[in-house]
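These notes are about the structure you will find just below.
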Protein chains: 2
Amino acid sequence: MALSHAILVCLTERPMSGYDLAKFFDTSIAFFWKATHPQIYRELKKLGGQGYVTSAEEVQSGKPNRFVYSITDAGKQALKDWSREPVALPLIKDDLLVRLQAIEYVDKDALREQIRARLAAHREQLGQYHHIRDVRFSDGKPAPEDLGKLMGLELGIQYEQGWIAWCEGVLQRLEGT
Amino acid sequence: MALSHAILVCLTERPMSGYDLAKFFDTSIAFFWKATHPQIYRELKKLGGQGYVTSAEEVQSGKPNRFVYSITDAGKQALKDWSREPVALPLIKDDLLVRLQAIEYVDKDALREQIRARLAAHREQLGQYHHIRDVRFSDGKPAPEDLGKLMGLELGIQYEQGWIAWCEGVLQRLEGT
DNA sequence: TTACACATGTAATTGGTTACATGATTGC
DNA sequence: GCAATCATGTAACCAATTACATGTGTAA
């Protein structure tokens, strides 16, 4: 399983609570990995049991207390061990493309609407990536420890641009059919 | 859930056995959806119970008998109903990109090797898509019922080309780091 | 004789989603 | 008063993967 490792990777950036992690998965690294909060809380407990993270209760006045998790040296070692294992090709499961395969059997108006919605979502996502790039990586050469993040971001940008171009082309060809 | 609908979509092409479907998922539509054979057999049973597919035992000499499934009219109606529901953005879970996020904490030699392997996989996949395109869609305008398949294929080609370009760039930038 | 393709399934485990549950503060 | 955000968790259910299980025919 790799959710545990994705969490460890997040914690190399900075210590976080379960809540922080859930938001981080929702925004920053949503392009690479997704996870819901029950999953994250469950996994944090397991990681604690393995000694890969430690938690510290942070007392807050007015708000409920937070349990902030940090990666341990053993956790960093676990990351390095994991990084030597081969990676699988990502699984893709895309309803929209499945529907396109059976174009005779689907509601074409609904399909067009779904493609327009998808196009809007990719444009929105591209905008966010551009924003992150401008804010975090505007100044020439990135630091070596940020190089991987920049390259991931570039893949995301290219991916969204590809989808946008494809959606536009498909909408044109579906017009009046 | 959408595996059931992916199976129905496959069966609009032609009747198939569970074994055929497993291969079909592995080759033809692997870009859109993936499924293993226990999943498929389980799902076929459920679809039969709902009346969306019918099965016929095909006696073969020498080989074990096959159960060939066909989509019913009710199944076609279920596909149409499903096609009106909104689609979700596909989930992405890519170990390689997660590792790239924590580039300081991973084994760089292993990472380079993994990217080379990924590059090779994308080149291989691109070759297969080109082959399918040349065999199935070489002659000018596709039939209307094939248009969706062609557009899906074009997305796949673009997707693989994007990955290939990205992998090549990343390998160059990681050289000697 | 070894391996591979055909062909179908079950069992056990792990992973993921949805719904439920609680409770304070802030802003409209 | 209502909704949203912060904050953490459990329970139940559903989906997916991996391993187990069996047996035949064909070709190297």
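Small disclaimer: the values here were computed from a predicted structure and weren't measured. Chain letters run A, B, ... following the sequence lines, proteins first and then strands; every chain starts at 1.
Proximity of B:K46 to the phosphate of D:dC14: no side-chain N or O atom is located under 4.0 Å from OP1 or OP2. Contact annotation: A:Q39 does not reach the phosphate of C:dG15 (side-chain N/O to OP1 or OP2, under 4.0 Å). For B:Y19, a side-chain nitrogen or oxygen approaches OP1 or OP2 of C:dC6 to under 4.0 Å. Between A:K93 and D:dA16, a side-chain N or O to OP1/OP2 separation shorter than 4.0 Å is present. For the OP1/OP2 pair of D:dA7 and a distance below 4.0 Å, the side-chain nitrogens and oxygens of A:K23 include no atom meeting the criterion. Of the side-chain N and O atoms in A:Y41, none sit less than 4.0 angstrom from OP1 or OP2 of D:dG9. Residue B:S17 has a polar side-chain atom (N or O) positioned under 4.0 Å from OP1 or OP2 of C:dT8.
A:L21 comes within 4.0 angstrom of nothing in the nucleic acid, heavy atoms only.
Spacing between atom OH of A:Y69 and atom P of D:dA7 amounts to 14 Å, rounded to whole angstrom units. Remark: P of C:dA5 and CG of B:D20 are 15 Å apart, rounded to the nearest angstrom. To the nearest angstrom, C1' of D:dT10 lies 15 Å from CG of A:L44.
A donor-acceptor pair under 3.5 Å is formed between the side chain of A:D107 and the backbone N or O of A:A110. Of the possible polar contacts, one joining the B:R118 side chain to the A:A88 backbone as a donor-acceptor pair under 3.5 Å is found.
Side-chain N/O atoms of B:Q77 and B:D81 include a donor and acceptor closer than 3.5 Å.
Side-chain to base pairing of B:R42 with D:dA16: one donor and one acceptor N or O lie within less than 3.5 Å of each other.
Contact check on B:D20 versus B:K23 returns no salt bridge, with no Lys/Arg side-chain nitrogen under 4.0 Å from an Asp/Glu carboxylate oxygen.
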